[in-house]
Participant: 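Quick one: the structure is below, and I'll ask about it shortly.
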Amino acid sequence: MDKYNPKFIEPKWQKLWEEKPDLYAADNDSQEEKRFILDMFPYPSGEGLHTGHVESYTATDIVSRYFRMKGKNVLHPQGWDAFGLPAENYAIKTKIHPEKTTKTAIHNFKRQMNMMGFAYDWSRELNSSDPEYYKWTQWFFLLLYKNGLAYKKKAKVNWCDSCKTVLANEQVEDGKCERCKNPVRQKDLEQWFFKITDFIENKLFASRTRATNAGHTNEKSGKTYTSGLLSGLDKIDWPESTKMLQRNWIGRSEGATVKFKIVSAEPSPVRSTGHTLPITGEEEYLEVFTTRLDTIYGCNYAVVAPEHKIIDDYKSQITNYDEVRKYLESVKGKSDLDRMEAKIKTGVEIKGLKVINPFTNEELPLYAADYVLSQYGTGAVMAVPAHDERDWEFAKKYNLPINQTIEPCFITINGLDKVREDQPFVERDSITAIVKHWKEESYIVLKWKQVDWKTFITGGPENDQSFEEAARSEVLEETGYKNLKLIRELPRYHSQFYHIPKKLNRFAHMRVFYFKLENDEHQDISDIDKERHEVVWVSENDIEKMLTPEAHKYVWKVLKDGEKVFTSDGVLIDSDEYSGLTSEEAREKMAEWLEKNNLGARKVNYKLRDWLVSRQRYWGAPIPIIYCEKCGTVPVPEEDLPVKLPTDVDFLPTGESPLKYSKSFQNVKCPVCGGKATRESDTMDTFVCSSWYYFRYADPKNEKEFADKELIKKWLPVDLYVGGAEHSVLHLLYARFFTKVLHNLGYIDFDEPFLKLRHQGIILSEDGRKMSKSLGNVVNPDDEVKKWGADSLRIFEMFMGPLEDAKPWNTKGIVGVYRFLEKVYKLAKAVRIEANGSKSGINKKLDSLVHKTIKKVTEDIEAMRFNTAISQLMIFTNELDKEKEIPITNYQLLITLLSPFAPHLSEELWNSLGNKDSVFKEKWPEYDPELVKDEEIELVLQVNGKVRDRIKADADLSEEEAKKIVLASEKVRAHISGKEIKKVIFVKGRLVNIVI
RNA sequence: GGUUCAGUGGUGGAAUUGGUAUACACGCGACACUUAAAAUGUCGUGCCUAAAAGGCAUGUGGGUUCGAGUCCCACCUGAACCACCA
């Protein structure tokens with residue numbers, strides 16, 4: 001055998017490995033430290049593995065093999081997310097039962113995985129469509145049901161006409177079905193939900209009896225809790241982008257509810273029911289939710305969602321009820337997509353009703369409009385057209401008044417970014433600017449005056465007259481303006497307001513005075529650069545830079561378009577006693593006032609809604625619920641699980657679950673009274689199956705529990721989880737929810753399932769587009785393995801670039817990897833068997849490279865930087881190739897380091913060297929930190945930062961010696977001749993830089 | 001529209017986190033072996049310049065620094081996700 005022949009080597013070792021389970025099996029009894037390394041279990045489609053699967057599975061395979069060689073007890077299982085719509089749709093088309101197609105697909109997937117040499121512990125294989133598995137999915141449903149976390153409710157839900165089923169909010173993209181891209185309709189249906197919203201914030205521990213030491217203890221209250229879906233994100237090692245997506249999806253927003261008194265335009269209100277108003281105090285109010293309480297003085301009307309109950313409740317008082325009704329009808333038929341796409345806001349005034357702003361006591365008109373969502377907040381909003389874009393659009397269309405109550409602050413303090421930590425003050429202690437007022441035809445002079453540091457931190461005198469006078473006289477000096485009227489002075493502590501970088505906050509101690517400039521005087525401003533932006537800065541040329549980016553854009557818009565909404569925080573104006581406060585301060589004070597007067601309260605709202613889990617489809621786990629004529633909703637007793645999927649069904653979707661038409665399935669006896677009853681015919685969303693599967697790997701055959709408590713303790717949580725970023729909200733959020741439920745009920749003592757998460761980037765086709773069958777640009781792993789072998793494909797996919805990046809496939813690239821493996825193979829010929837073990841020290845340079853390579857490969861695997869690990873192995877191989885004779889220790893080391901990447905070749909070479917045991921039984925090598933260091937380095941000689949010469953030198957050369965060397969260099973001398981040396985910078989082991 | 005990330009040779013990508021820019025690989029070119037091709041091997045390969053010396057180069061323009069691909073500001077381009085959530 002002198003030619004590298006993966007076709008022969010690879011199947012040979014795959015067969016031999018199969019016979020040695022200790023190479024890949026997880027040991028329940030081992031005392032070694034555990035590592036649970038997990039791939040997202042795939043949906044076994046008929047297409048087989050694609051390049052993306054190969055990429056992420058190779059990554060986890062490398063890490064698993066590495067940790068095993070490190071002596072860790074590794075759990076690296078694989079399974080099948082087998083339920084789901086594609087299999088069912090395929091069954092509808094071909095009339096072949098999904099169980100059968102799934103089985104075939106799994107068989108093919110498994111073949112391909114073995115072909116790739118993935119070392120999975122197949123003894124723990126699981127399949128979510130197996131009754132032994134979904135028995136426990138049903139058990140989880142009952143667990144949630146019994147703890148009040150699963151409920152059935154009639155609600156507006158997303159309905160896909162093409163899939164003929166309801167969808168979770170998470171499965172609707174752009175108003176379309178995630179799967180078939182059909183527009184989603186809103187439908188009123190009774191459906192099952194999981195109370196995922198209960199776990200957004202930290203939750204008090206539900207079960208004290210079961211818990212041993214589970215749960216976190218709050219230091220202040222001493223209470224034990226489960227960390228919420230939000231706060232839990234802070235403690236796990238996940239990509240920041242993924243955490244962001246989850247936070248955005250949960251969409252927490254802090255605000256307040258405000259009660260607007262409802263008054264009737266007509267004096268004798270009679271309700272539809274015949275009662276006179278008011279019945280109770282409660283009903284007199286329209287409750288709205290807002291995050292911008294500070295803008296309430298600018299509220300000019302209120303809007304309710306078309307579905308809001310106020311319309312029914314006050315039917316008789318609405319004088320234009322017919323018109324309102326007509327509008328509601330026109331909106332009803334619209335899908336979410338239509339509503340979103342409609343660029344122009346529509347609505348109708350509800351005449352006969354008015355609401356009263358509790359702050360101003362103004363009577364305001366009420367509207368119904370579909371830009372207000374009934375499901376969010378209270379389904380009603382206070383409209384502030386001056387400071388909210390939607391309200392502004394609406395007000396423009398219906399010609400409603402617009403009152404500005406927030407004043408933008410335009411200025412940031414110039415030069416702050418140049419201030420260093422050791423300089424306590426800004427260079428300039430006073431800045432003057434003139435701004436054209438955004439609304440009026442007048443100019444405002446702004447004067448910044450620095451408050452000294454001590455006064456600033458102690459608070460200092462609030463209304464320091466002399467300070468104002470000083471400011472005034474400075475303005476006079478600089479501009480000659482006399483008629484300055486002080487409009488307001490900004491409060492002092494508003495660094496956030498100036499948009500100053502956080503680290504510079506402590507420099508933001510300036511007081512700002514607003515002076516209004518009388519009109520006659522502003523005529524004299526001679527240097528107005530009207531062409532440019534009609535904003536003139538007087539005291540500095542570069543003062544324009546003081547504008548915050550946001551304000552800069554804003555000023556532009558105002559001046560160009562005449563008017564524009566200002567939606568950011570600012571300072572309040574025309575708001576009674578709140579005027580002059582910043583938005584943040586005002587929100588705080590106004591909320592206090594509301595609570596004191598019982599007219600509202602602080603409130604937190606979320607975008608996340610409860611998870612809709614029922615589906616009107618066949619290929620899923622049946623919901624274990626029975627409806628009895630007498631007893632009502634009855635959960636299936638645990639001992640009767642699993643509720644098996646019937647086989648006597650027609651798959652054709654009708655809009656009702658196919659299970660409804662199975663007589664054998666539908667008709668049952670009530671488990672409580674034995675009377676006539678029917679089964680729930682809906683199945684569960686497949687994401688329910690995948691929300692708990694990782695627990696099952698700990699104990700996949702258990703018939704009494706979803707997994708043994710001790711085994712869960714042994715193996716979980718998952719140490720490393722790798723999968724696509726497309727699951728960032730769906731699967732990953734649901735799985736966290738399930739884990740938190742188990743924790744809260746005392747089943748487990750951790751509340752986050754996946755400690756470390758990484759995504760693999762998509763592999764694009766060679767043309768940079770997504771691989772797809774219709775484009776005909778799909779790379780099939782089977783073909784590549786046939787051409788190059790699995791080892792080449794594995795390494796190539798890892799070598800292409802960082803794991804998480806999107807990378808285009810390059811057909812020609814794989815040959816380089818093949819050549820590399822071939823070179824490693826051929827090196828065997830040059831191996832010298834030493835008489836007396838390793839004889840290091842002969843070739844110091846090579847020894848150093850050996851240890852550098854161990855270090856680099858080890859660190860890169862741990863950090864999952866496989867591309868650079870492989871590059872280092874290539875450098876090492878190239879270096880060995882230059883030697884006439886290769887010491888066997890060096891060669892064995894190369895094979896050991898290569899083995900996680902190219903298991904087949906490594907095993908073959910290891911065996912050919914006369915080793916009887918597997919290379920994977922070998923201990924992962926350690927490096928000697930002393931040998932990693934270079935004894936001799938190339939000292940870089942720079943003049944003014946430019947490289948002029950390189951000289952070989954001792955690694956721990958002293959500064960004195962280095963200086964001598966520099967000055968001895970002719971090239972350096974040529975550049976410094978005749979000039980004075982100002983400074984010499986010395987970086988040990990690297991460079992000397994001469995500054996002239 | 002918003003948020004986030006990115007932009008380095010002909011290509012995929014490196015760069016010890018502020019210290020020799022372009023490691024490793026593909027591709028390309030020359031040469032060797034061969035009747036020839038493939039395979040393999042050797043050498044070369046950012047741009048300007050015949051070459052050396054030198055200069056210019058990390059999307060563009062500024063800034064900080066002895067020194068910037070890396071830090072700061074603005075702009076341009078691209079990608080991903082979210083999008084009436086008050």
Side-chain angles (χ1 to χ4, degrees), chain A residues 173-175 239-242 244-245 248-249 251-253 255 288-293 295 303 336 339-343 345 369-373 375-384 387-391 393-394 416-418 420 501 545 549 552 567 605-609 725-726 728-729 761-762 766 796 799-802 804-817 819-820 822 826 856 859 865 867-875 877-878 937-947 949-950 971 974 982-996:
Chain A
E173 291 173 350
D174 272 341
E240 257 333 294
S241 57
T242 307
M244 276 284 271
L245 280 176
N248 287 346
W249 188 259
R252 181 194 155 99
S253 53
V288 305
F289 174 73
T290 179
T291 54
R292 291 298 304 276
L293 190 55
T295 64
V303 193
D336 258 11
R339 278 199 187 191
M340 279 192 279
E341 274 178 355
K343 288 274 146 64
K345 305 237 174 310
D370 70 346
Y371 79 89
V372 175
L373 306 174
Q375 314 94 304
Y376 186 77
T378 59
V381 303
M382 61 175 221
V384 185
H387 304 295
D388 182 282
E389 268 183 64
R390 295 153 298 181
D391 297 338
E393 271 176 52
F394 192 79
L416 270 182
D417 51 347
K418 289 172 196 157
R420 290 212 308 268
K545 286 181 188 164
H552 206 184
T567 55
N605 260 324
Y606 304 93
K607 284 203 256 180
L608 184 72
R609 320 236 170 98
E726 68 274 14
S728 292
V729 271
I762 15 164
E766 207 157 6
F796 176 57
F799 188 56
M800 278 162 60
E804 63 279 9
D805 285 10
K807 306 159 279 258
W809 183 268
N810 181 349
T811 312
K812 282 173 182 161
I814 195 166
V815 74
V817 170
R819 283 181 200 148
F820 159 62
E822 199 175 29
K826 283 183 181 167
K856 178 95 178 127
E859 289 174 355
R865 292 185 300 246
N867 54 334
T868 48
I870 293 164
S871 133
Q872 183 65 32
L873 288 170
M874 285 172 170
I875 293 170
T877 304
N878 290 344
I937 50 125
E938 208 169 54
L939 189 71
V940 173
L941 311 183
Q942 294 182 330
V943 178
N944 281 347
K946 285 199 169 138
V947 180
D949 203 359
R950 282 152 219 210
K971 284 180 185 169
K982 283 188 193 141
K983 209 158 128 192
V984 179
I985 310 269
F986 175 69
V987 182
K988 199 167 181 190
R990 275 193 213 292
L991 57 79
V992 184
N993 185 14
I994 296 182
V995 188
I996 50 172

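To find a chain, count down the sequence lines: A is the first, B the second, and so on, and within it residues start at 1.
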Participant: For a quick test of reading the model: is some side-chain N or O of A:Y371 closer than 4.0 Å to OP1 or OP2 of B:A86?
Facilitator: no

Participant: In whole Å, what is the span from the CG atom of A:N867 to the C1' atom of B:C24?
Facilitator: 10 Å

Participant: To the nearest angstrom, how far is A:M800 atom CE from B:U11 atom C1'?
Facilitator: 12 Å

Participant: Compare side-chain N and O positions of A:K983 against OP1 and OP2 of B:C66 and report whether any pair is under 4.0 Å apart.
Facilitator: yes

Participant: Rounded to the Å, how far apart are A:I762 CD1 and B:C5 C1'?
Facilitator: 14 Å

Participant: Could you state the atom-to-atom distance from OH of A:Y376 to C1' of B:A86 in whole Å?
Facilitator: 7 Å

Participant: Toss me the dot-bracket line for RNA chain B: Watson-Crick and G-U wobble, both under 3.5 Å, 5' to 3', using | for pairs to another strand and [ ] for crossers.
Facilitator: (((((((..(((......[....)))((((((.......))))))(((.....)))..(((((..]....))))))))))))....

Participant: Counting just side-chain N and O atoms, does A:S253 come under 4.0 Å of either OP1 or OP2 of B:A86?
Facilitator: yes

Participant: Please confirm whether the shortest side-chain N or O distance from A:N878 to OP1 or OP2 of B:A25 is below 4.0 Å.
Facilitator: yes

Participant: Please check if the distance between the ring centroids of A:Y606 and A:W249 is under 6.0 Å.
Facilitator: no

Participant: Please check the phosphate of B:G27 (OP1 and OP2 only) for any side-chain N or O of A:R819 closer than 4.0 Å.
Facilitator: yes

Participant: Which whole-number value in Å describes the distance from A:L991 CG to B:A15 P?
Facilitator: 20 Å

Participant: Could you check how far CD1 of A:I994 sits from P of B:U20, rounded to whole Å?
Facilitator: 17 Å

Participant: I need the NE2-C1' distance between A:H387 and B:C84, as an integer number of Å.
Facilitator: 19 Å

Participant: What integer distance in Å separates A:N944:CG from B:G67:C1'?
Facilitator: 9 Å

Participant: Taking atom P in both B:G13 and B:G18, compute the distance separating them and give it to the nearest angstrom.
Facilitator: 23 Å

Participant: Within 45° of the axis and under 6.0 Å from the centre of the six-membered ring of A:F394, does NZ or CZ of A:K345 qualify?
Facilitator: no

